[in-house]
Undergrad: 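My questions will all concern the structure given below.
Residue indices begin at 1 and follow the sequence shown.
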Amino acid sequence: MESIKKIAIVLNGFIHDFATGYWLSDLIAIYLLHGYRAGSPALAVTIAGIERFFFWNSVGAAVTIFATGGMRSFTYVDNFYGPEAEKTRRKMLVIKHILLFVIVGSGSWWGYLTAFS
């Protein structure tokens, strides 16, 4: 049973990292498509549909990022580095997650504004 738990933890981490890269790739695709849409009025409707497709994929990726990130918190190793280092580590983890939440939130908002403009 312990080996299954380890496999699940590694798989969860892989999915989390993959979804993060996928989310960023979706935003890059929206950015590039938006430039093509501006330069090709005849294809604007078609390209706008593709942009929206990538936006909704980015929403799915963001949900996956948060879900797998939440599962990661259950595998957090307590006091691995000692009590003093753990205090600093926990503070840095809170700061990191606030920062990443702002990045994902603002990136998703930008993607929405761009894909639906």
Undergrad: Supply the atom-to-atom distance Thr68 OG1 to Leu11 CG, rounded to the nearest 0.5 angstrom.
TA: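 Here the rounded value is 10.0 Å.
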Undergrad: Quick check for you: to the nearest 0.5 Å, what is the distance between Ile65 atom CD1 and Arg72 atom CZ?
TA: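 That separation rounds to 10.5 Å.
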Undergrad: CZ/Phe54 to NE2/His34 distance, rounded to the nearest 0.5 angstrom?
TA: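 The CZ atom of Phe54 sits 15.5 Å away from the NE2 atom of His34.
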Undergrad: Would you give the length of the straight line joining atom CD1 of Ile95 to atom CG of Leu100, rounded to the nearest 0.5 angstrom?
TA: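 With rounding to 0.5 Å, CD1 (Ile95) is 12.0 Å from CG (Leu100).
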Undergrad: Do Lys96 and Met92 touch side chain to side chain, with heavy atoms closer than 4.5 Å?
TA: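 No. Closest side-chain heavy atoms not under 4.5 Å.
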Undergrad: Honestly curious: do Val10 and Phe14 fall in one hydrophobic cluster under the side-chain, below-4.5 Å linking rule?
TA: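 Val10 and Phe14: separate clusters.
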Undergrad: Distance check, rounded to the nearest 0.5 Å: Ile47 atom CD1 versus Phe53 atom CZ?
TA: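 The CD1 atom of Ile47 sits 15.0 Å away from the CZ atom of Phe53.
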Undergrad: To the nearest 0.5 Å, what is the distance between OG1 on Thr114 and CZ on Phe55?
TA: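 The distance works out to 10.0 Å.
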Undergrad: Apply side chain to side chain contact (heavy atoms under 4.5 Å, CB included) to the pair Ser117 and Glu51, showing each step before the final yes or no.
TA: CA-CA 10 Å; Ser117 66; Glu51 281 183 74; over 6 Å; no
Undergrad: Could you tell me whether Trp56 atom CH2 has more than 12 heavy atoms of other residues or ligands within 6.0 Å of it?
TA: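 Count not over threshold, so no.
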Undergrad: Kindly work out whether a path of hydrophobic side-chain contacts (I/L/V/M/F/W/Y, heavy atoms less than 4.5 Å apart) joins Leu27 to Trp109.
TA: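 Linked, Leu27 and Trp109 end up in one cluster.
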Undergrad: Count I, L, V, M, F, W, Y as connected when their side-chain heavy atoms are under 4.5 Å apart, and connections chain through other members. Are Leu113 and Ile30 then in the same cluster?
TA: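 Both belong to a single hydrophobic cluster.
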Undergrad: Please tell me whether Trp23 and Ser108 have a donor and an acceptor in their side chains that are separated by less than 3.5 angstrom.
TA: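 Indeed, the side chains of Trp23 and Ser108 share at least one donor-acceptor pair under 3.5 Å.
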Undergrad: Give the intermediate values and the outcome of side chain to side chain contact (heavy atoms under 4.5 Å, CB included) for residues Leu43 and Arg37.
TA: CA-CA 7 Å; Leu43 297 174; Arg37 183 170 66 160; over 6 Å; no
Undergrad: Work out which heavy atom in Val104 is nearest to a heavy atom in Ala62; give both atom names and the distance.
TA: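 So the minimum-distance heavy-atom pair works out to CG1-CB, 4.1 Å.
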Undergrad: Side-chain contact, heavy-atom cut-off 4.5 Å: Tyr22 with Thr64?
TA: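 No - every pair of side-chain heavy atoms lies 4.5 Å or more apart.
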Undergrad: Do Val102 and Val94 belong together in a cluster built from hydrophobic side chains that touch within less than 4.5 Å?
TA: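 No, no single cluster joins them.
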Undergrad: A side-chain contact here means heavy atoms from C-beta on lying under 4.5 Å apart; do Leu24 and Thr20 qualify?
TA: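 In short, these two side chains do not touch, never coming nearer than 4.5 Å.
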Undergrad: Is there a donor-acceptor pair closer than 3.5 Å between any side-chain N or O of His97 and the backbone N or O of Leu93?
TA: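 Yes: the side chain of His97 pairs with the backbone of Leu93.
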Undergrad: Return the minimal non-hydrogen interatomic distance between Ala19 and Ala61, and the atom names on each side.
TA: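 So the two residues come closest at O-CB, 3.7 Å.
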Undergrad: Check the hydrophobic clustering (I, L, V, M, F, W, Y; side-chain heavy atoms under 4.5 Å; chains of links allowed) and say if Trp110 and Val59 are grouped together.
TA: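 Same cluster.
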Undergrad: Should the pair Phe116 and Tyr112 be assigned to parallel (<30°), tilted (30 to 60°) or perpendicular (>60°) ring geometry?
TA: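 It falls in the tilted class, 30° to 60°.
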